[in-house]
Chemist: 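To start, I am sharing the structure in question, which I have written as structure tokens.
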Amino acid sequence: GQSLEQPSEVTAVEGAIVQINCTYQTSGFYGLSWYQQHDGGAPTFLSYNALDGLEETGRFSSFLSRSDSYGYLLLQELQMKDSASYFCAVTSMDSNYQLIWGAGTKLIIKP
Amino acid sequence: GAGVSQSPSNKVTEKGKDVELRCDPISGHTALYWYRQSLGQGLEFLIYFQGNSAPDKSGLPSDRFSAERTGGSVSTLTIQRTQQEDSAVYLCASSGDGGAGHYGYTFGSGTRLTVV
């Protein structure tokens with residue numbers, strides 16, 4: 001079967017750095033995505049990794065290790081507005097290239 | 001359009017009634033998805049369209065749920081004989097790369113369905 005694991009909740013302090021991990025078990029792996037969802041809002045696309053390594057976009061970075069079936073989202077210089085749920089999702093060739101979603105990580109930021 | 005548009009934004013219906021939810025994707029996006037999300041939960045996949053055809057209907061919870069897409073654009077999700085467990089936010093997303101994820105899915109703001 002296809003499955004993803006990510007922590008249900010992570011707490012961090014404003015201005016700090018936080019890492020949200022995602023491990024997956026999937027056949028036909030094609031890429032790993034991250035989405036952000038604020039309470040009451042719709043998910044918004046953050047990043048996509050198909051190759052090993054780190055992709056940086058401003059304060060957010062995403063990492064992938066295909067050999068370890070592992071990735072993470074790194075958020076730097078945390079701001080209160082970063083409080084949200086973060087979902088990892090895998091694109092699988094065995095699922096018609098559709099996204100398979102993790103259950104989400106709620107990021108709580110304290111002042 | 002500039003984004004994915006869903007209507008209505010909120011719908012309260014009586015148990016047993018039928019409801020129709022509409023999704024207008026980004027112009028030119030061939031892939032369209034319906035998801036359901038309960039409060040504090042993850043995304044539950046319902047159905048996927050590529051053009052007007054639905055290669056994957058595996059997520060539809062029961063035969064009370066159906067969806068169609070016409071003209072490769074607007075999609076309608078219909079729930080017949082609604083039940084209280086159908087209460088959730090129904091999200092629609094579209095993608096321009098066939099769903100592979102490179103450019104991400106763009107989600108609409110959702111329809112919050114409440115069955116009373």
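Hydrogens, waters and symmetry mates are skipped; everything else that's a heavy atom, side chains included, is used. A, B, ... follow the sequence lines: proteins, then strands. Residue 1 opens every chain.
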Chemist: A:L32 and side chain to side chain contact (heavy atoms under 4.5 Å, CB included): which partner among A:L73, A:L99, A:T26, A:V90?
Modeler: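 By the side chain to side chain contact (heavy atoms under 4.5 Å, CB included) criterion, A:L32 pairs with just one of A:L73, A:L99, A:T26, A:V90: A:V90.
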
Chemist: Can A:Y72 and A:L54 be said to form a side-chain contact (heavy atoms from CB on, under 4.5 Å), step by step?
Modeler: CA-CA 9 Å; A:Y72 64 73; A:L54 191 68; 4.1 Å; yes

Chemist: With a 4.5 angstrom heavy-atom cut-off, which part of B:Q37 approaches chain A: side chain, backbone, both or neither?
Modeler: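 The answer is the side chain of B:Q37.
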
Chemist: For the pair A:H38 (side chain) and A:K81 (backbone), establish whether a donor and an acceptor sit closer than 3.5 Å, ignoring hydrogens and angles.
Modeler: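 Present.
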
Chemist: More than 12 non-hydrogen atoms from neighbouring residues, nucleotides or ligands closer than 6.0 Å to CD on A:Q79, yes or no?
Modeler: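 Above 12, so yes.
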
Chemist: Do you see a donor-acceptor pair shorter than 3.5 Å between the side chains of A:S92 and A:D94?
Modeler: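 No donor-acceptor contact under 3.5 Å links the two side chains.
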
Chemist: Step through it carefully: locate the ring centre of A:F87, locate the ring centre of A:Y35, and say whether they are under 6.0 Å apart.
Modeler: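 Aromatic pair excluded; centres sit 6.0 Å or further apart.
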
Chemist: Does A:L78 form a side-chain contact (heavy atoms from CB on, under 4.5 Å) with A:V13? I'd like the steps, not just the answer.
Modeler: CA-CA 7 Å; A:L78 284 171; A:V13 177; over 6 Å; no

Chemist: Where does A:A50 contact chain B at under 4.5 Å (heavy atoms): side chain, backbone, both or neither?
Modeler: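 For A:A50, no heavy atom lies under 4.5 Å from chain B.
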
Chemist: Return yes if some donor-acceptor pair links the side-chain N/O of A:Q2 with the main-chain N/O of A:I100 below 3.5 Å, else return no.
Modeler: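 The answer is no, because no donor-acceptor pair under 3.5 Å joins these two groups.
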
Chemist: side-chain contact (heavy atoms from CB on, under 4.5 Å) for A:F60 and A:S47? Distances and angles first, verdict last.
Modeler: CA-CA 9 Å; A:F60 292 8; A:S47 66; over 6 Å; no

Chemist: If the contact rule is any heavy atom under 4.5 Å from chain A, which residues of residues 11-20 of chain B qualify, in numerical order?
Modeler: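 Counting heavy atoms that sit under 4.5 Å from chain A, no residue of residues 11-20 of chain B is involved.
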
Chemist: Tell me which pairs pass side-chain hydrogen bond (donor to acceptor under 3.5 Å, both in side chains) where either residue lies in residues 6-17 of chain A, with sequence neighbours left out.
Modeler: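 Listed once each, the pairs are A:Q6-A:T105.
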
Chemist: So which part of B:F45 gets closer than 4.5 Å to some heavy atom of chain A, the side chain, the backbone, both or neither?
Modeler: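 Contact with chain A is absent: no heavy atom of B:F45 under 4.5 Å.
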
Chemist: Heavy atoms under 4.5 Å from chain A: which residues of residues 74-84 of chain B carry them?
Modeler: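 None at all.
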
Chemist: Under the side-chain contact (heavy atoms from CB on, under 4.5 Å) rule, what do B:L91 and B:V89 come out as? Steps first, then yes or no, please.
Modeler: CA-CA 6 Å; B:L91 291 164; B:V89 175; 4.1 Å; yes

Chemist: Would you give the length of the straight line joining atom OG of B:S58 to atom CG of B:L46, rounded to the nearest 0.5 angstrom?
Modeler: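 Answer for the OG-CG pair, B:S58 versus B:L46, is 9.5 Å.
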
Chemist: If the contact rule is any heavy atom under 4.5 Å from chain A, which residues of residues 107-116 of chain B qualify, in numerical order?
Modeler: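 Counting heavy atoms that sit under 4.5 Å from chain A, the residues of residues 107-116 of chain B involved are B:F107, B:G108, B:S109.
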
Chemist: Answer yes or no: are there more than 12 heavy-atom neighbours, outside A:D39 itself, under 6.0 Å from its atom CG?
Modeler: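 Counting neighbours around CG of A:D39, 12 or fewer heavy atoms of other residues, nucleotides or ligands fall under 6.0 Å, so no.
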
Chemist: Is the backbone N or O of B:G72 less than 3.5 Å from a side-chain atom of B:N52, with the two atoms forming a donor-acceptor pair by type?
Modeler: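 Yes; at least one donor-acceptor contact below 3.5 Å.
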
